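A quick note: this is a predicted structure, and the numbers were derived from the prediction, not measured.
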Amino acid sequence: MGTKEDVRSRLNIAEVVGEYVNLTPAGKGRMKGLCPFHNEKSPSFQVDTDQGYFYCFGCKAGGDVFSFVQRSESLSFGDALRKLAERVGIQVEAKYGERSNRDLYDVNAFALAYFREHLPGPALDYFRRRGLTDETIAAFELGYAPDGWDGLLKHARVKGLSDRQLLEAGLLTENAENGRIYDRFRGRVMFPIRDHLGRLVGFGGRVLDDSKPKYLNTPETDAFRKGEVLYGLDKARTGLGKSENGDSELIVVEGYMDVITMQQHGFTGAVASLGTALTAEHATLLERLGARSISLMFDHDEAGLKAMLKGLDQVLGAKFRVRATSVPSGKDPADALLAGDDAGIRKALADGVDEVQYRVQAAIETHGTATAEGKRKILMELLPRMQNLDPLDEIAEGVRTAACETLGIKPEALMEWIGSKAKRRTLTDTHLAGMSAGRGEEENEMKLLRQLLIDPTLLAKLDGSVPWRNESVRKVMLAVQGAASSDAILDVFRGQPEEQLLIRLLFEGRDSGSISRHGSEQYDQKVNAYAAAAVDDIQVTLSIDAMRAEIGLLKKQVGGAAPAEQLGILKQIGELQRAVEAENRGRRGIA
């Protein structure tokens, strides 16, 4: 038997790592490449061929050739040692601190042969009724566990396997009260579960009648951890990272039959989680295998899909573009394909709604945008998905953009709030008002109102086309038409809330500071002379703001418009942009 050092001495770490990473020379005895353990655009992963170690300066992962294979293939140390020993033709014992799972795989293979042997009969008829071809049945190694308490147990004893081996593999169940052991799977069609490397880690079984539970999986074992395994990934992984546009979509469905039927019909990216939500461990594995997009296709209604996306694991959402959809007929994918609705499945996948849209729309429908309290709750609900500032997290950026557009918030103000823990805990009405994208326009409206209080005759200069954002300004502008003095304007609002606003603006507009009484008359003359020009300038600013807002709206419409309409929209954008430039030139000329 060889040792760990015997295996190491025959390995070239650069050759092993080079099967996973595209390495290029980086100096004497050094190679570099893009790290396989995290997303990066510039290579920070290095291999020291002389010392036999790797290290990533980005995510800090490092170790020898054994730890690299462990991490890359999600193996125990014993299994990594065996894998590399086989590579160099050395036999070793797995005794280096961790028990090998090889015996569990072998026991599962023994059970699979038993289940496959009993497939002919009602089980095979069931699969054929569900539309599976004999080739697909063979490819997925489908079988049947006969009805009875100890069929597999007796067969294993005859073949020399111990009860303990079957118990450790989760193939037997032990009665805690009397110690009796019996077959876990009885009277069920059997679905072998392989991990992404094709190792047989467990089974799923489905009854052929109405017995409960309908589905039964292998319990957690040293080889089977359901939060790390996706059914069908051993086959689906061959297409990941190989599409023409560099994007590979994984389709996550609910059941074994959905996966098998979809793969039979050409949807080769179909996989299923084993009774759990997608986990961070799933995300790490899929990222390493080259997945970039994930479609969640469950037979839920829209509310269920929305809740699913809303509660999506933050780690998963940060690594992939995630969309959700369901079969329009309300059937599960397997039944829809059995009915010949391949086109419906393709359309559903193409029309899937993305995570950004679902998260934001769900928050809006729950809390509403009409009140400050509603806006506050929307922001707090979206915060966990907005606060990841990694530029590669497109979803976080999309949620931030959608929040700004929906709630009328300035992007820079939102980023400041996200970065401030104190503000996040106490998001007051004042904070919300300060984040408002319309605040600048409202300030300009206040400036205009201040100038009109100085000289009400300037009302004649307004053309009536300004859509006032500030409600108080709008009320004053409607009420003061024809007023001859600031006193007349104040009389209109005597005793009303707007009165205090008008008095404050009047004092701000005529504040001469600490100048002398003699100089105050000259100050008032200068203020009055300035007022007319100020009204012109502020009205130009408001006009520019309105045109820019319209340009932004038109830009959003371009992408969704028909080709024939796009030209007209682009023409409108160009005309508005020229008008903005003309207004700016005119303002500079006046100045």
Side-chain angles (χ1 to χ4, degrees), residues 1-102 105 195-199 201 222-223 225 227-229 233-234 237 240-241 279-292 315 318-319 390-392:
M1 288 288 181
T3 67
K4 170 184 174 181
E5 295 308 320
D6 293 334
V7 176
R8 190 200 301 276
S9 66
R10 295 197 188 185
L11 289 170
N12 181 322
I13 188 172
E15 291 181 359
V16 175
V17 174
E19 294 180 2
Y20 302 81
V21 181
N22 183 24
L23 296 174
T24 58
K28 185 179 179 180
R30 291 285 182 94
M31 306 288 285
K32 68 177 180 179
L34 295 176
C35 180
F37 307 126
H38 79 288
N39 278 327
E40 63 175 8
K41 295 183 179 180
S42 300
S44 58
F45 178 89
Q46 291 198 7
V47 175
D48 188 318
T49 56
D50 295 334
Q51 298 296 323
Y53 288 92
F54 72 92
Y55 182 74
C56 176
F57 292 90
C59 68
K60 313 305 180 187
D64 61 7
V65 66
F66 300 105
S67 58
F68 179 83
V69 173
Q70 275 186 263
R71 183 185 280 260
S72 298
E73 300 285 8
S74 299
L75 299 175
S76 67
F77 173 78
D79 286 337
L81 175 59
R82 283 177 178 268
K83 180 181 179 73
L84 292 172
E86 290 175 0
R87 179 188 180 106
V88 295
I90 295 178
Q91 287 189 337
V92 295
E93 292 181 354
K95 59 181 181 180
Y96 295 94
E98 191 171 355
R99 174 179 170 274
S100 171
N101 291 325
R102 178 61 61 89
Y105 305 145
D195 66 9
H196 67 288
L197 297 175
R199 298 173 302 186
V201 296
D222 288 345
R225 298 178 180 86
E228 300 176 4
V229 179
L233 184 57
D234 57 312
R237 66 173 295 185
L240 297 181
T279 65
E281 289 76 17
H282 288 141
T284 300
L285 173 61
L286 293 176
E287 182 183 34
R288 191 169 71 241
L289 294 179
R292 296 292 177 266
V315 175
K319 292 178 181 291
D390 185 340
L392 296 177

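- The two residues L84 and V65 come nearest to each other via the heavy atoms CD1-O, 4.0 Å.
- Closest of all the heavy-atom pairs between T49 and I13 is CA-CG2, 4.2 Å.
- Between F54 atom CZ and F37 atom CZ the span is 5.0 Å, to the nearest 0.5 Å.
- With hydrogens and angles disregarded, no donor-acceptor distance shorter than 3.5 Å links the side chain of H196 to the backbone of V229.
- Heavy-atom minimum distance, G33 versus P43: O-CB, 3.3 Å.
- The distance from atom CG of D195 to atom CZ of R237, rounded to the nearest 0.5 Å, is 9.0 Å.
- For E73 and R199, the salt-bridge test fails: no basic side-chain N is under 4.0 Å from an acidic carboxylate O.
- The aromatic rings of F68 and F45 sit tilted relative to each other, their planes meeting at an angle between 30° and 60°.
- Between L233 and L285 the shortest side-chain heavy-atom distance falls below 4.5 Å.
- Here the closest heavy-atom approach between residue A61 and residue R71 is recorded as CB-CZ, 3.8 Å.
- Partners of E281 by side chain to side chain donor-acceptor pair (under 3.5 Å), not counting sequence neighbours, listed by chain and number: T279.
- Here the straight-line distance linking atom CG of D64 with atom CG of L11 works out to 10.0 Å at 0.5 Å rounding.
- Residue M31 holds its CE atom at 6.5 Å from OG1 of T24, rounded to the nearest 0.5 Å.
- Looking at every heavy atom in both residues, A80 comes nearest to F66 through CB-O, 4.0 Å.
- Nearest heavy-atom pair across K4 and L81 is CA-CD1, 4.2 Å.
- To the nearest 0.5 Å, atom CG of residue D234 and atom CG of residue L197 are 9.5 Å apart.
- Here NZ of K83 is found 8.5 Å from CZ of R87. Values are rounded to the nearest 0.5 Å.
- Considering only residues two or more places apart in sequence or on other chains, Q46 meets the side chain to side chain donor-acceptor pair (under 3.5 Å) condition with R30.
- Around the CG atom of N22, the shell of radius 6.0 Å holds no more than 12 heavy atoms that belong to other residues, nucleotides or ligands.
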